[in-house]
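Down below is the structure, laid out as structure tokens.
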Amino acid sequence: MEQTVPKMLRKVAAEHSEVAAQMGKNKQGEFEPVTYRELYDIALNFGAALISLNVKRGEPVGLISDNRKEWLQADMGIMAIGAVDVPRGCDATISDLEAILSITECKYTITENSSQIKKILSIKEKLPALQTLISFDEITAEVQEEAKKQNVELHTFAELLKTGRAFRNENPNLVENELEKGSWDDLACIIFTSGTTGTPKGVQLSHGNFLTQLDEIPERIMLNPGDTAVLVLPVWHVFEREVEYVIMIQAATLCYSKPIGSILLADIAKVNPAILPAVPRVFEAVYDGIQRKMRKTGGLVYALFNFFVKVAILHSRMHRKMFNQDVCFTRYYTIFWWILFLIPWSLLWPLKLLGNIIVFKKIRAMLGKNFRSGVAGGGAYPKYLDEFFWAIGVKIVEGYGLTETAPIISVRPIAAPVFGNVGSPIRGVKCRIVSPEDGFVLKRGQFGAIQIKGGTVMKGYYKRPDLTEKVMTVDGWFDTGDLGILSVHDEIVIKGRKKDTIVLLGGENVEPVPIESKLAESRFIKSSVVVGQDQRYLGALILPDEEEIKAYASENGLQYESYDSLLASEEIQKLFDSEINTLVNPRTGFKMFERVNKFALITKPFEVGVELSAKQEIMRYRLAEIYKTEIESIFKAE
């Protein structure tokens, strides 16, 4: 195993020099390749340019941009000379940028465009260390003038690549020698994350943290040189970053797209990806698009679709039991399931085959002819999505990790996935379950807090030893803050987060995520957030699917003046009451105290940076203020 990430790139570039490393879109919207030889050369040229600007080994360099080919090129150039990148996306607020760049005292910051430069210049007085800004795109005259006033040096990425090439000619092997100095424990990046808690923390990740995962992950997510992968996530987030390294070490091709249905599907048709790494919400969007298309088609086609999906799900459930593909917590007796299910399983098999020919094959075609698997990470993957895609023959494997673990702890193997878990810990990583109350180590099958130890665990929070001490045990285990169970085969089953747990007045502990995942099965519910801390019962903020609600109103002859008045109508209120009670009740596996007693309908979609974190998880701590009125109405005494 190579000792740094740029050394890994050097090795791949030597062995697969003419294979496309990246596919980015030109101004005409067509994909253009960058080979591994070219990528490595660009990285060295940019690293050389940074040395010419006096960037030192170990120095933090801001990297404020969304995912694009230049991001990886800059990232590799920074790390090649032993510097440390401090990444964030274009959705970062001015206060985010102030915190990130001031805490790290970045003298140099790379940005996507003039808009980001403008934001940074607006807080220049709070960033006394800042000297130089670099833009991937051309810089406007207005921004150049403002930078001049503030005595900030400006460069474009293209300009610096030329500077770096000339510098390398004048200083042969200087950059290569700097790359060679890099070691396993060197700091690679500082990723600031507030997650769902609101406290900014700079997670320090080493080259070894990233490379530890590359020992086994390629065995679980296997690619061939030249295979393509469509990328839609923000690369400053550690899940996307590591996914790109997983793709690179196998000499596959990174194809940059957007998490927008029409763009994504069009790009998939062009590049025929082998894998699609994404957060669960992207796969939810694909599922919703399929369901919506079938409902609009209506008639016999929609009836057949529903019938074959139900048959496929039922058959898959039996198949998993019979062939030991379900997560289990006790000794497993497959002979029992064979006796019980052999006849119905055999009878349903031809129906599932027919459904595959008539319906499922066409759905799979939407993902391209080379599609092997999706990889869901960055949040909880809902069970109904898992069952649906499994049943129709689309493999989506779920992974688990955190920024602090760089991030991969576990992932289901594509070749032999097991339903109902996020896989077993990868090589070099250990997992244990402990009692949340006293830290006592629990046995397999017992519910508790998840702790991790191994080569992926961070070096600590930047300049915050106090915060580091809170999450690290005296014997070196990292407390993830997650709750779960270990199966008999050491597969991890996530059950929620400690900080998400709702405690009712009666002392009952409720995990909101399983309830929210169940509510998402309704065609009328786009998103939901369960609330009820220190209350007598649970409530929920419900974001309806506006298109489906209006379709329901049309189908049932409901008259309304506005969308708001429609939501307030008795008929729609009864519809949601019925949907919630049908989905969440003892018959569907929920306890009586987990029932959602009241709800409030909201109309504003959740936004990244407002209600959602960058990986599109609900930031619950913000809801009490944003939806104070709605939450008060839910728990208002009658």
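Only this structure's heavy atoms are used, side chains among them; waters, hydrogens and symmetry mates stay out.
Looking at Val230 and Tyr256, their side chains never come closer than 4.5 Å, going by heavy atoms from C-beta outward. Residues Met592 and Pro586 have side chains in contact (heavy-atom distance under 4.5 Å, counting atoms from C-beta outward).
Remark: side-chain polar atoms of Ser424 are not paired, donor with acceptor, to backbone N or O of Asp490 under 3.5 angstrom. Distance alone, capped at 3.5 Å, places no donor-acceptor pair between the Glu240 side chain and the Trp236 backbone. Here the side chain of Ser554 pairs no donor or acceptor atom with the backbone of Lys550 at under 3.5 angstrom.
For the residue pair Asp466 and Tyr461, no side-chain donor N or O sits within less than 3.5 Å of a side-chain acceptor on the partner. Inspection of the Tyr552 and Glu548 side chains reveals no N or O donor paired with an N or O acceptor under 3.5 Å. Using modelled atom types, one finds no donor on one side chain facing an acceptor on the other under 3.5 Å when comparing Lys443 with Gln446. With no hydrogens or angles considered, no side-chain donor-acceptor pair links Gln213 and Tyr245 at under 3.5 Å.
Under a 4.0 Å N-O distance rule, the pair Glu398/Lys383 does not qualify as a salt bridge. A salt bridge links Arg68 to Glu112: at least one charged side-chain nitrogen sits closer than 4.0 Å to a carboxylate oxygen. Taking a cutoff of 4.0 Å between a charged side-chain nitrogen and a carboxylate oxygen, Asp577 and Lys598 do not qualify as a salt bridge.
The minimum heavy-atom distance linking Gly420 with Val493 is given by the pair O-CG2, 3.5 Å. Between Ile433 and Phe447, the shortest heavy-atom distance links the atoms CG2-C, 4.1 Å. Closest approach of Leu264 and Lys258 over heavy atoms only: CB-O, 3.5 Å.
Outside the 6.0 Å centre-distance limit, the rings of Phe593 and Tyr537 are not counted as a close aromatic pair.
With Val203 as the fixed residue, the side chain to side chain contact (heavy atoms under 4.5 Å, CB included) test singles out one of Thr193, Thr468, Leu402, Asn209: Thr193.
For the salt bridge (Lys or Arg N to Asp or Glu O under 4.0 Å) test, no residue two or more places apart in sequence or in another chain qualifies with Asp564.
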